[in-house]
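Keep in mind it's a predicted model, so treat the numbers as computed, not measured. Side-chain atoms are counted along with the backbone in the values below, which use heavy atoms only and exclude waters and symmetry mates. Order of the sequence lines sets the chain letters (A, B, ...), proteins ahead of strands, with each chain counted from 1.
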Amino acid sequence: MDQNYNPKEVEQIAQSYWQEHNTFQAQDDSKKPKYYCLSMFPYPSGNLHMGHVRNYAIGDVIARHQRMLGKNVLHPIGWDAFGLPAENAALKHNVPPAEWTDKNIANMKAQFLQLGFSFDWSREIATCKPEYYRWEQWFFTQLFAKGLVYRKNSIVNWDPVDQTVLANEQVINGRGWRSGALVERKEIPQWFLKITAYADELLADLDALPGWPEQVKTMQRNWIGRSVGINISFKIANEPHILQVYTSRPDTIMGVTFMAIAAEHPLATHAAKNNPKLQQFIAECQQGTTAEADLATMEKLGMDTGLKAINPLDGTQIPIWIANYVLSEYGSGAIMAVPAHDERDWEFAKKYNLPIKQVITPSDGSSIDVEQAVYTEPGLVINSGKYNGADFNSAFNAVLQDLQLLHAGTEQVNYRLRDWGVSRQRYWGAPIPIIYCDSCGAVPVPAKDLPVVLPLNVTITGAGSPLKKMPEFCNTTCPNCGKAAQRETDTFDTFIESSWYYARYACPDQNEAMLDQRANYWTPVDQYIGGIEHAILHLLYSRFFHKAMRDMGLVKSNEPFTNLLTQGTVLKDGSKMSKSVGNTVDPLDLIEKYGADTVRLFIMFAAPPEQSLEWSDAAVDGAYRFLKRLWNTVQQHVSTGIVELKPDYNKQEFNTAQKALRYKLHSTLGKVSDDYERRFTFNTAIAANMELLNAVNSLNGDGVLDQQIRQEALNLIILMLSPITPHITHALWHALGNKTAVIDEPWPKVDHSALQQDTVNMVVQINGKVRANIEVGVDVAKHELEQLAQQNENVQKHLVGKSIKKIIIVPRKLLNIVVEEQE
RNA sequence: GCCUGGGUGGCGAAAUUGGUAGACGCAAGGGACUUAAAAUCCCUCGGUAGCAAUACCAUGCCGGUUCGAUUCCGGCCCCAGGCACCA
């Protein structure tokens, strides 16, 4: 073996070995149990960044470890290739998005190979290829046939200068990123998938996902936001209209002091008909973005329409206001405002001097002042006539019953979750397979005519989709009646592609169907790994797609991802490492300097996967030094000749130091196995191996037994580190005289005979403060232990003038003497 | 604004089920080797006092439960992720 660690050479050899042996090509049939390990696929932005390295390093470590546990592992990779950045690059560099994307994919693939990830490249997918997106076009037409697709108007960010729809990201401080024009909200017709039809199942099945982080499940539960309430119809004084509102707090209905409707509400339009002031106010409300964060932090503005709603329960007249904090896309776009018991209503009422009427009082009898502070907790009803004294549930039922008798209310389950708008007014996406016919309306493209191929040679101008200007794309005939017709020019939301790619990896070469039986062998994904930023949207859409595919007979399971690991963000100087912030560190520079193993080791060592990771250039040195130390230790060990371990090697008589090292070795193996398998705390697994190597290096003595123990320890360290640093361990495994390739080795087993101990160290506390450490026999009797503890000099010092109240013993760990001052 | 996390030495972190706070590593300081440097190896390293043994303080802030709290509970502050057209 080489005297010095040369990462380039070592990594080249290992990578060639894997390639020659097709090591990572997954087999669709095997006697071993299957294990599907998937890291979220990347957007091909051109270069790997540290977030990628972290994501794929975690996945790679898990995949390699599972392989060692004897599983038939699938570890695929592909490209989430449609998206906005390709159009931006096209604008900037005058290169077609497809060309830019293909180049980036080639680039990043080379980088992946350099990092030594155990991907099965034979299943590589790029979502921008017709062979892929044709199947989601097909799936969309199937959903259409099942009534799960519909078209309705919905609001987008509109740049009035560029005459184009903007993504939220393209709106900077309320202005278009290129034109600088104030952005407007504009309604246009768009296609929707009925994800709300699955809302209850998406919610309920979260309980069937014990392998998901509680945090993610909580976020999804709140996002779905199921509530039970009442749909109430308010008549309007001197008008034929009805105002529908939904409330989850019918117990507060007698506290309604105004109604608030969105600017887009039909009643707002009606009220403004002969009222220029209202018209102007509505126009003002339509400025700004569609982002909820903006709407929620905006200064609350409102204007009285002059219309009055009538409370069906007591006939009171309630003013109807247009308010900019009411979302037109949520519920009916109107609310009954109870300022005493709703935060936003309270703020609005304070601003416009609207009455605040308390109708709930805390059930513990404490008193509140709703003029000073809002009270949103449920409690007991007051100031509400016949409902006084009722708690939430009885008030809910009483109000519901009364409203039902008046035909003015029905119980309703409501969701915060909205249907999924999938239309994008962009070029670089999968065309939505719809044809508009003057006679037949919107007609889905028949399966035999799929895919609707996206034309590739286009010029991006930044003002609307180039597809609109391509008659050869737009002009077609109606599949129903054969008359001239127009194609839809909008493309799919790119979340569509990422909602089912995990299943396609099972059968990427299938040209006759979306999925085949192999998808049922491999799915669900056993371990899914990705950024916490995907906790809601991507993961919810994928769950929805999986259930929809199940209902179409394409898969059999209910959920796509059995276990989920959400990795934290890679930060530098306290903020997310990203191109836009300009604080990126190029992984390639580090690979060049230290090699892939050091980069992998560092990123796994710096923090546990779920935590955010603060990048440090300096600390990478430490990882490199450790690998050099490992190399040198092995080098030194084998320089005196290779040591062979006989099967009964562990039955020999070891001295104290040797016993201690073997104890350390096998307790470390136990700990590291647990870190890999259950905890996913690879940082502590690495730390434990560093400690172990330190211990190996401090074992003095060069007798035969010492050499054998060193051999055993180094073998095990190599195996334990092999999923994290696969290249150097490939080389060192051979150097230690092993004939096999380390990639084919099983995970090692703990030798329990090495864990036998005669004595154990125990802490002695007095009133919870550590006063001594004592070494006692493992089987020491309780009273003897108590005596030994009290005999300790320092303990005795602290017992002077005290009387012992009791002694608490935690076996093999500590003993706490509880004392008090003597009378 | 709303939802979800997080806050421990100069820095990244560890403490797994309420049981020794700071493992492991980085940085820093000192030393060995060297003509010198790099590399490597050894020692010190939360704060205060002390030669030391040791004592007191210390896990964002305030309070509580407990023999014992980084860990559990209540309130507050700050930071991060998400908020439906970034992916």
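For A:Arg344, there are no salt bridge (Lys or Arg N to Asp or Glu O under 4.0 Å) partners, not counting sequence neighbours. Residues forming a side chain to side chain donor-acceptor pair (under 3.5 Å) with A:Asn773 (at least two apart in sequence, or on another chain): none. Scanning for side chain to side chain contact (heavy atoms under 4.5 Å, CB included) contacts around A:Asn173 gives an empty result, with sequence neighbours left out. Every residue two or more places apart in sequence or in another chain was checked for a salt bridge (Lys or Arg N to Asp or Glu O under 4.0 Å) with A:Glu184, and none qualifies. Evaluation of the side chain to side chain contact (heavy atoms under 4.5 Å, CB included) rule for A:Asn157 yields A:Leu166, A:Asn168, A:Val171, A:Val183, A:Thr289, A:Thr290 as partners, not counting sequence neighbours. Residues meeting the ring-ring contact (aromatic ring centres under 6.0 Å, His included) test with A:Trp158, sequence neighbours left out: none. Looking at residues two or more places apart in sequence or on another chain, you find no salt bridge (Lys or Arg N to Asp or Glu O under 4.0 Å) involving A:Glu775. Contacts of A:Glu343 classified as salt bridge (Lys or Arg N to Asp or Glu O under 4.0 Å), with partners at least two apart in sequence or in another chain: none. The side chain to side chain donor-acceptor pair (under 3.5 Å) search around A:Thr633 returns A:Asn697, not counting sequence neighbours.
Here B:rA87 presents its C1' atom at 9 Å from NE2 of A:His52, a figure rounded to the nearest Å.
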What pairs of nitrogen or oxygen atoms, one from the protein and one from nucleotides 20-24 of chain B, lie under 3.5 Å apart?
| from | atom 1 | to | atom 2 | distance (Å) |
| --- | --- | --- | --- | --- |
| B:rA23 | O2' | A:Glu691 | OE2 | 3.0 |

Collect all protein-nucleotide pairs involving nucleotides 72-80 of chain B in which both atoms are nitrogen or oxygen and the distance is under 3.5 Å.
none

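Pairing analysis of RNA chain B (Watson-Crick: purine N1 to pyrimidine N3 plus N6-O4 or O6-N4; G-U wobble: N1-O2 and O6-N3; both under 3.5 Å) yields stems of 3 or more pairs at B:1-7 with B:77-83, B:10-12 with B:24-26, B:28-32 with B:40-44, B:46-49 with B:54-57, B:60-64 with B:72-76.
Distances shown here put a side-chain N or O of A:Arg625 below 4.0 Å from the OP1 or OP2 atom of B:rC26. Applying the 4.0 Å criterion to OP1 and OP2 of B:rC83, one finds that A:Arg416 has every side-chain N and O outside that range. Regarding contacts with the backbone of B:rU40, a side-chain N or O of A:Lys628 is found under 4.0 angstrom from either OP1 or OP2. Distances shown here put a side-chain N or O of A:His798 below 4.0 Å from the OP1 or OP2 atom of B:rA55. Under 4.0 angstrom from either OP1 or OP2 of B:rA15 there lies at least one side-chain N or O belonging to A:Arg679. Between B:rC57 and A:Lys769, a contact under 4.0 Å exists linking OP1 or OP2 to a side-chain N or O.
When the P atom is compared between B:rC61 and B:rU71, the two are found 11 Å apart, to the nearest whole Å. Taking the P atoms as reference points, B:rC72 lies 34 Å from B:rA27, given to the whole Å. Separation of the P atoms belonging to B:rA69 and B:rG64 is 12 Å when rounded to the nearest angstrom. For the P atoms, the distance linking B:rU44 with B:rG19 amounts to 29 Å, nearest Å. The P atoms of B:rA38 and B:rC24 are separated by 26 Å, rounded to the nearest whole Å.
Between A:Asp493 and A:Arg424 there is a salt bridge, since at least one side-chain N of the basic residue sits less than 4.0 Å from a carboxylate O of the acidic one.
For A:Lys671 against B:rU16, a side-chain-to-base donor-acceptor contact under 3.5 Å is present. Applying the 3.5 Å distance criterion, the base of B:rC3 shares no donor-acceptor pair with the side chain of A:Asn222.
Considering every non-hydrogen atom in both A:Ser154 and A:Phe192, the closest pair reads CB-CZ, 3.5 Å.
Applying the 90° cutoff around 0 to the glycosidic angle, B:rG63 is assigned anti.
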